[in-house]
Amino acid sequence: MMDTIKILIEEFNDLKPVLQEHIEFYEGLLPHVYFGECNEFFINYINEDNPQELQRLFTVFEIMATQGNDEVVNTLSVTILERLGDDRKVLNTARKYMGKVTRKLSDETEKGWGRY
């Protein structure tokens, strides 16, 4: 999980202080909670619709989907993709940038919630 977070904060420096505060507050890393704290950043990135930034973000998500262990994939599906699906406009923009495996996970998540 830390490898994924390291990639994320290397790409998005503004998430590093979120990680530091999270670790100090919880005295360790709670992955679902940390990524939940990052969701508003992700949604802001999506709403800004900056193609270069979103390509970087969804490349990280695709790495999570394709190279992550079960915990990483679960965090992506349950904590990140589920939240993106809460807003149809956000989800539609996000889908333009999703890799193949991330898109499949997103579709499965949406079907699971009955939103698809």
Side-chain angles (χ1 to χ4, degrees):
M1 183 62 74
M2 281 307 293
D3 291 342
T4 302
I5 292 172
K6 184 178 178 189
I7 293 168
L8 184 67
I9 62 176
E10 284 174 359
E11 289 294 323
F12 297 93
N13 290 328
D14 51 339
L15 297 177
K16 190 172 187 173
V18 178
L19 177 63
Q20 291 169 334
E21 290 174 18
H22 172 91
I23 289 173
E24 287 174 15
F25 184 80
Y26 292 102
E27 298 178 356
L29 177 65
L30 302 174
H32 284 279
V33 175
Y34 172 68
F35 280 100
E37 293 166 349
C38 293
N39 273 337
E40 292 310 310
F41 287 88
F42 301 153
I43 290 169
N44 286 338
Y45 299 148
I46 292 166
N47 285 331
E48 291 169 6
D49 201 5
N50 176 329
Q52 291 176 327
E53 191 170 73
L54 289 176
Q55 192 60 51
R56 290 185 1 247
L57 179 63
F58 283 93
T59 295
V60 173
F61 291 166
E62 190 71 2
I63 290 168
M64 291 174 73
T66 59
Q67 298 174 25
N69 61 23
D70 289 345
E71 179 187 19
V72 172
V73 173
N74 182 267
T75 300
L76 174 63
S77 295
V78 173
T79 303
I80 300 170
L81 298 176
E82 200 171 284
R83 176 65 181 91
L84 298 183
D86 288 345
D87 183 318
R88 183 57 68 182
K89 181 180 178 224
V90 167
L91 182 60
N92 288 338
T93 300
R95 283 188 167 159
K96 294 183 222 174
Y97 299 94
M98 287 180 184
K100 183 178 178 181
V101 179
T102 305
R103 176 66 183 260
K104 182 177 183 263
L105 290 171
S106 175
D107 289 347
E108 290 170 0
T109 300
E110 293 305 298
K111 284 178 187 175
W113 277 101
R115 300 189 288 209
Y116 188 81

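As a basis for the values below, the full set of heavy atoms in this structure was taken, side chains included, without hydrogen atoms, waters or symmetry mates.
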From Leu19 atom CG to Leu8 atom CG, the distance as rounded to the nearest 0.5 Å:
9.0 Å

Please tell me if the side chains of [X] and [Y] come closer than 4.5 Å, counting only heavy atoms from C-beta onward.
{"X": "Leu91", "Y": "Met98", "value": "yes"}
{"X": "Leu29", "Y": "Ile5", "value": "yes"}
{"X": "Leu84", "Y": "Glu110", "value": "no"}
{"X": "Leu15", "Y": "Phe35", "value": "no"}

Same cluster for [X] and [Y] if Ile/Leu/Val/Met/Phe/Trp/Tyr side chains link at under 4.5 Å?
{"X": "Val33", "Y": "Phe12", "value": "no"}
{"X": "Ile9", "Y": "Ile23", "value": "yes"}
{"X": "Leu76", "Y": "Phe41", "value": "yes"}
{"X": "Met2", "Y": "Phe25", "value": "no"}

Not counting sequence neighbours, which residues clear salt bridge (Lys or Arg N to Asp or Glu O under 4.0 Å) with Lys104? List them please.
Glu108

Identify the heavy atoms of Arg115 and Glu82 that sit nearest to each other, and give their distance.
NH2-O, 3.0 Å

Would you name the heavy atoms of Met1 and Pro31 that are closest together and state the gap between them?
CE-CB, 3.6 Å

Side chain to side chain contact (heavy atoms under 4.5 Å, CB included) filter on Asn39, not counting sequence neighbours, yields Phe42, Thr79, Ile80, Arg83

Listed partners of Leu54 passing side chain to side chain contact (heavy atoms under 4.5 Å, CB included), at least two apart:
Tyr45, Ile46, Asp49, Leu57, Phe58, Thr93, Tyr97

Indicate every side-chain donor-acceptor pair of residues 59-69 with a distance under 3.5 Å to a residue at least two apart or in another chain.
unit_1, atom_1, unit_2, atom_2, d
Thr59, OG1, Gln55, O, 2.7
Glu62, OE1, Thr102, N, 2.9
Glu62, OE1, Thr102, OG1, 2.5
Glu62, OE2, Lys100, N, 3.4
Glu62, OE2, Val101, N, 3.1
Thr66, OG1, Glu62, O, 2.8
Asn69, OD1, Glu71, N, 3.0
Asn69, OD1, Val72, N, 2.9

Electrostatic pair Arg103-Asp107, nearest N-O below 4.0 angstrom:
yes

Apart from Val78 itself, members of its ILVMFWY cluster (side-chain separation under 4.5 Å) are none

With sequence neighbours left out, which residue pairs that include part of residues 15-27 fulfil the side chain to side chain donor-acceptor pair (under 3.5 Å) condition?
His22-Glu37

